[in-house]
K.L.:
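Sending over a structure as structure tokens; questions will come in a sec.
In this text, all values refer to a predicted model and were calculated from it rather than measured experimentally.
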Amino acid sequence: GMDGALPPASPAGLSAYVAVSQLLGLALLAATGAWLGRYRGGVAWQGQLQFNVHPLCMVLGMVFLQGDALLVYRVFRNEAKRSTKMLHALLHGLALVIALVGIVAVFESHHAKGIADMYSLHSWCGMAAFVLYLVQWLLGCGFFLAPGASFSLRSRYKPQHIFVGIALFALSIATCLLGITEMLLFNIRDSYSQFVPEGVLANTVGLLLVAFGLVVGYVLTRDEWKRPPLAEELALSMDFKTLTEGESPGGSQ
């Protein structure tokens, strides 16, 4: 039972799945770096290689860090809720900053080369994902970190916040897949069908994106792996509800 002072252990399997997600995420970053380094000349902020900052930042920010921010509530099960929330918001904020660098890189690179902006499906999905991600982050900070939001407002918004979070993560991965396809068709259109090494490596990056997304999604949707409310959180929320809304602590919600 949970009578002792020791925190309850993680549910069986959770740690293994989280570990697999991190290995897949690191493999994804390594494969993306290898593709850009080996076949696309590397990454630089100035000149011809500025474009390559874009895929690297998007995979790091909108996929790896976003995925890890979503996992925070599963990994830190027994830490104070407030510090877990802060870490969740911080990782998402960092992902947004890195993604913004990637967006600036692609616009500057296009302008330097006289390439049109925002005409492709990839760019439309990408801009939608980024703007919605920013809005979701601001709303999340407003509802869950700002002291003003009422308890009932928070509990009403929370299911939307969770759904949109998972949907944006899926959209980010789909957008990266579109971007990989687009990059290959621009760069190796004539040889792609001959299974050239660059095409195989880039396709592998795509499979790693999907695998990372599936493992993170699985961890997030397993009900028994959700973060249990700590005793003090339950007591606090009941007191808080009674104080702010005049509901009896035993009342249905």
Side-chain angles (χ1 to χ4, degrees), residues 25 28-70 91-141 164-193 196 198-199 201-210 212-213:
L28 167 63
L29 290 172
T32 306
W35 175 24
L36 297 172
R38 177 89 177 73
Y39 297 104
R40 295 286 121 222
V43 174
W45 190 255
Q46 300 297 329
Q48 289 295 307
L49 300 178
Q50 186 176 20
F51 175 84
N52 294 348
V53 173
H54 175 73
L56 193 61
C57 282
M58 288 345 217
V59 169
L60 175 58
M62 295 296 285
V63 179
F64 184 65
L65 285 175
Q66 183 178 180
D68 276 5
L70 296 177
L91 283 173
H92 279 310
L94 185 60
L96 274 164
V97 170
I98 291 171
L100 183 61
V101 171
I103 290 172
V104 170
V106 75
F107 277 109
E108 284 195 2
S109 159
H110 279 178
H111 294 171
K113 296 175 184 171
I115 297 171
D117 286 318
M118 295 304 301
Y119 66 89
S120 68
L121 179 59
H122 166 69
S123 63
W124 289 16
C125 289
M127 196 52 78
F130 179 77
V131 170
L132 291 171
Y133 191 32
L134 177 60
V135 170
Q136 162 92 341
W137 186 74
L138 292 170
L139 285 173
C141 289
V164 172
I166 293 178
L168 283 174
F169 180 57
L171 175 59
S172 300
I173 289 172
T175 304
C176 286
L177 295 176
L178 287 169
I180 289 170
T181 304
E182 199 173 284
M183 217 168 136
L184 289 172
L185 292 177
F186 281 144
N187 290 317
I188 59 164
R189 178 178 294 151
D190 300 330
S191 58
Y192 188 19
S193 61
V196 290
E198 179 177 357
L201 178 58
N203 286 357
T204 304
V205 171
L207 288 179
L208 286 167
L209 278 162
V210 172
F212 178 71

K.L.:
Please list, one pair per line, the donor and acceptor atoms closer than 3.5 Å that link side chains of residues 102-116 to other protein atoms, with sequence neighbours excluded.
P.N.:
residue : atom : partner : partner atom : Å
E108    : OE1  : Q50     : NE2          : 2.7
H110    : ND1  : D117    : OD1          : 2.8
H111    : NE2  : D117    : OD2          : 2.6

K.L.:
Taking all non-hydrogen atoms of both residues into account, name the closest pair between V196 and I188 and its distance.
P.N.:
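It is CG2-CD1, 3.8 Å.
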
K.L.:
Quick one: do V53 and V43 satisfy side-chain contact (heavy atoms from CB on, under 4.5 Å)? Show the steps, please.
P.N.:
CA-CA 6 Å; V53 173; V43 174; 3.4 Å; yes

K.L.:
Is the closest side-chain heavy-atom distance between L209 and V63 below 4.5 Å?
P.N.:
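In short, these two side chains touch, coming nearer than 4.5 Å.
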
K.L.:
Closest heavy-atom contact between C57 and V101?
P.N.:
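Distance-wise, the nearest heavy atoms are SG-CG1, 4.0 Å.
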
K.L.:
Taking all non-hydrogen atoms of both residues into account, name the closest pair between L184 and N203 and its distance.
P.N.:
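Looks like CD1-OD1, 3.9 Å.
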
K.L.:
Take atom CH2 of W124 as the centre, draw a 6.0 Å sphere, and report whether it contains more than 12 heavy atoms from other residues, nucleotides or ligands.
P.N.:
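For W124, atom CH2 is not crowded (no more than 12 foreign heavy atoms under 6.0 Å).
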
K.L.:
So, taking the atom named CG in L56 and the one named CG in L36, what distance separates them when rounded to the nearest 0.5 Å?
P.N.:
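Interatomic distance, L56 CG to L36 CG, rounded to 0.5 Å: 6.0 Å.
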
K.L.:
Between R40 and E198, is the closest basic N to carboxylate O distance under 4.0 Å?
P.N.:
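Yes, this pair counts.
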
K.L.:
Answer yes or no: is there a side-chain heavy-atom contact under 4.5 Å between L100 and F130?
P.N.:
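Yes - at least one pair of side-chain heavy atoms lies under 4.5 Å apart.
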
K.L.:
I need the minimum non-hydrogen distance between F64 and L29, along with the two atoms involved.
P.N.:
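Reported closest heavy-atom pair: CD2-CD1, 3.8 Å.
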
K.L.:
If we only count heavy atoms from C-beta on, is the T32 to L60 side-chain gap below 4.5 Å?
P.N.:
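A side-chain contact is absent here, since even the closest heavy-atom pair is not under 4.5 Å.
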
K.L.:
Could you list the donor-acceptor pairs under 3.5 angstrom formed by side chains in residues 166-183, with sequence neighbours left out?
P.N.:
residue : atom : partner : partner atom : Å
S172    : OG   : Q66     : NE2          : 3.2
S172    : OG   : L168    : O            : 2.7
T175    : OG1  : L171    : O            : 2.7
T181    : OG1  : L177    : O            : 3.0
E182    : OE1  : S120    : OG           : 3.2

K.L.:
Grab the two heavy atoms, one from L91 and one from A69, that are nearest each other, plus how far apart they are.
P.N.:
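Reported closest heavy-atom pair: CB-CB, 3.6 Å.
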
K.L.:
If we only count heavy atoms from C-beta on, is the L70 to H92 side-chain gap below 4.5 Å?
P.N.:
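With C-beta onward as the side chain, the pair touches.
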
K.L.:
Would you say that V59 contacts P55 through its side chain, given a criterion of any heavy-atom pair below 4.5 Å between the two side chains?
P.N.:
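Not in contact.
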
